[in-house]
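Contents: one structure, followed by commentary.
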Protein chains: 2
Amino acid sequence: MSDAASSGGASARRRPPTIHDVAREAGISRGTVSRVLNGGHNVSPEALKAVNAAIKKTGYVVNRHARSLVTQRSDSVAFLLTEEQDRFFEDPNFNHLLRGCTAALAKHDIPLLLMIAGTEEERRRIGRYITAGHVDGVLLVSSHSGNPMVELLHEAKMPVVACGKPLGQVATPAYVAADDREGARQMLRHLLGLGRRRIATVTGPLDTPGGVDRLSGYREMLAEAGIDYDPALVVEGDYSRASGEAGMTRLLAQAPDLDAVFVASDLMADGALATLAKAGRSVPGDVAVGGFDDSAIAAAARPPLTTVRQPWERISGEMVRLLLSLISGEPPASVILPTELVRRETA
Amino acid sequence: MSDAASSGGASARRRPPTIHDVAREAGISRGTVSRVLNGGHNVSPEALKAVNAAIKKTGYVVNRHARSLVTQRSDSVAFLLTEEQDRFFEDPNFNHLLRGCTAALAKHDIPLLLMIAGTEEERRRIGRYITAGHVDGVLLVSSHSGNPMVELLHEAKMPVVACGKPLGQVATPAYVAADDREGARQMLRHLLGLGRRRIATVTGPLDTPGGVDRLSGYREMLAEAGIDYDPALVVEGDYSRASGEAGMTRLLAQAPDLDAVFVASDLMADGALATLAKAGRSVPGDVAVGGFDDSAIAAAARPPLTTVRQPWERISGEMVRLLLSLISGEPPASVILPTELVRRETA
DNA sequence: CTGAAAGCGCTTACAG
DNA sequence: CTGAAAGCGCTTACAG
């Protein structure tokens, strides 16, 4: 209705102020405005002050599309989740990681683009999108062996940092992971310290680093304690609660005399706990139970689960740090972070 | 090392093909190439065919920055999570919603930018980012009353679709939600049908629609059954498992004769189950328990939880559909989706 | 139906 | 230290 409302204010909203407006306001050229925007090098103190005032006054915010067009950088990164990770998505771990990466990126004012490569078709589309330069790098969440996306990204020379060491790749990308082997050793050491000797394990999928490395830790520590490896004490799970239940059932049948279990994830451990309860075995009295992750499930389990903590916050922080350094041209690196035993009531 | 490697192929990777390359390949002007890219109107069949062939041959992918610069659209949307939703982030519901929105958007080739407005400072930064036109619209996840972000977005005339009806706003944005009231009624009807008469409830936070509306449904259904409202039978929770445990403890003290509880979320219901077990009350024998959400927790609960299903897939699908139509200039609309009672073993 | 041309908002050598 | 100018890759009236 009001003319006033439909002039100045409203049209200013349609077209945000540009570098041109700032330049005019500051009584200076656009090139100089751009220079202060990009670090303020080669700019006199007075010019800098005038530009900053003008920016504040006009409410100027850089147009990233214009900037990206000339710099050939997008100033954004992808968080890519590949199909097989379906289960991880239901896992609280995923939330921690995603939230951690978002926060770490936000500090650099870099938006995170979430991408899920479910179907083969999606993988193709996302592959094209990414390699077309719409993101500067990718945070990759994919732990199963032989993920085709890894090679595609590598061929496109796209900076990549994976969460967990990607297995079965010609060229392993940079990654950050918790020390799975040492984490398993911590748990085994604890169980052994409790006097347990018939210690079973439900492993993770053996085509994932968590599956393989936690099993190695288990075997190593047992060997160091002078206990022979007994195949009847190990079954493979797939990280789902159901597989924890089923695995525990199998273990009880194969080795009724077991007095402890190391379960390679909290979710599976929660399933194992249910099986144990149903079988009438007390925890930790008859059977001590140890998990892995220290996700929300651990504290909520009945009884509360003794587990191995993965430092998700640090993991996401390091992923972002590594990716940013890769993007700025530094050579790749991977980092392994220590885990920590969290004692609660199951062991 | 090799000259061959450092020429053609490598440099082609640095600078992806542009519309210019496609035009030359097709023997046609750039304007025409652009036209086929944008719907193919006013283009002869031959030209269209030539351009499509050239696109395929060159591996051309549009540069979105260049496009956005002229169209003043970003072709991307934000998924914005505001601070108070901390708990929701740990909830499996969040995953369903996020994944659903990502998938729905992917079908339109629109990337989802994840943003978390935790601190006040972040909220300011994100507000600026969004209102500066870096996204075309926002999917807002925020259920607590009086979220300042809602008003900010409204003033900036940014298209917004919320998940759940935002309470305490001057101007309610478009939203999509499950029918909370009706869902509660379904559960109450079921409990009543089981012959229960002393039905308690642990509500959600009363500054959220889920808290308020599910409580209304509870009260309504009871009234319709001719049962007087008893304040001793209702306690307020905050959607956390701990509040479910505590709420149940309180209810047991205030109304020892209760024979059923309607708990306004699965996570709280899981906590209530623990309290009940500790108190020696059998479920559903002594006390029937009903939850809300049908999240992963429900099926995993002991005993498996009877609950009310929220159609997350449809919710996310509708959110995206509404947002896209808002962006294309259509008037706002909100949608309420029906819930469904899922019978398991607790009631 | 199609081409030539202007312009979106920025950055970056290049002179000075 | 600073300005003028070219150019990033597209879209879109405007003529024809």
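All values below come from the heavy atoms of this structure, side chains included, with hydrogens, waters and symmetry mates left out. The chains referred to below are lettered A, B, ... by the order of the sequence lines, with proteins before strands, and numbering in each begins at 1.
- With 3.5 Å as the limit, one finds no donor-acceptor pair spanning the side chains of R99(A) and T102(A).
- Atom pair I55(A):CD1 and dC10(C):C1' shows a separation of 13 Å (rounding to whole Å applied).
- Counting non-hydrogen atoms under 4.0 angstrom, N42(A) reaches a base of the nucleic acid.
- For the pair T32(A) and S34(B), both in contact range of DNA chain D, the more 5′-proximal nearest nucleotide belongs to T32(A).
- Summarising the geometry, the separation between CD on Q72(A) and C1' on dT12(C) is reported as 13 Å, rounded to the nearest angstrom.
- In this structure, N38(B) atom CG and dG9(D) atom P are separated by 17 Å, rounded to whole Å.
- In this structure, R67(A) atom CZ and dG7(D) atom P are separated by 22 Å, rounded to whole Å.
- Rounding to whole angstrom units, CG of residue N63(A) and P of dG9(C) are separated by 7 Å.
- For the residue pair T58(B) and D21(B), no side-chain donor N or O sits within less than 3.5 Å of a side-chain acceptor on the partner.
- Taking atom CG of residue L37(A) and atom C1' of nucleotide dT2(D), one finds them 16 Å apart after rounding to whole Å.
- For dG9(C), neither phosphate oxygen OP1 nor OP2 lies less than 4.0 angstrom from any side-chain nitrogen or oxygen of T18(A).
- At the heavy-atom level, R64(B) lies nowhere under 4.0 Å from the strands shown.
- Under a 4.0 Å N-O distance rule, the pair R128(A)/D109(B) does not qualify as a salt bridge.
- Pairing for dA15(C) goes to dT2(D), judged as Watson-Crick or G-U wobble with the two contacts each under 3.5 Å.
- The separation between I19(B) atom CD1 and dC8(D) atom P is 14 Å, rounded to whole Å.
- With hydrogens and angles disregarded, no donor-acceptor distance shorter than 3.5 Å links the side chain of E313(B) to the backbone of G100(B).
- Comparing dG16(D) with dT12(D), their C1' atoms sit 16 Å apart, to the nearest whole Å.
- To the nearest angstrom, P of dG9(C) lies 23 Å from CZ of R73(A).
- Across dC8(C), dC10(C), dA4(C), the shortest atom-to-atom separation from the side chain of L69(B) is found for dC8(C).
- A salt bridge links E318(A) to R321(A): one of the charged nitrogens lies within less than 4.0 Å of a carboxylate oxygen.
- With the nearest nucleotide of DNA chain D identified for both A47(A) and T71(B), A47(A) has the one nearer the 5' end.
- Summary of the strand contacts: P45(B) and V70(B) both lie near DNA chain C, and taking for each the nucleotide with the nearest heavy atom, the more 5' one is attributed to P45(B).
- Between dG3(C), dC10(D), dT2(D), one nucleotide has an atom nearer to the side chain of A66(B) than all others, and that is dC10(D).
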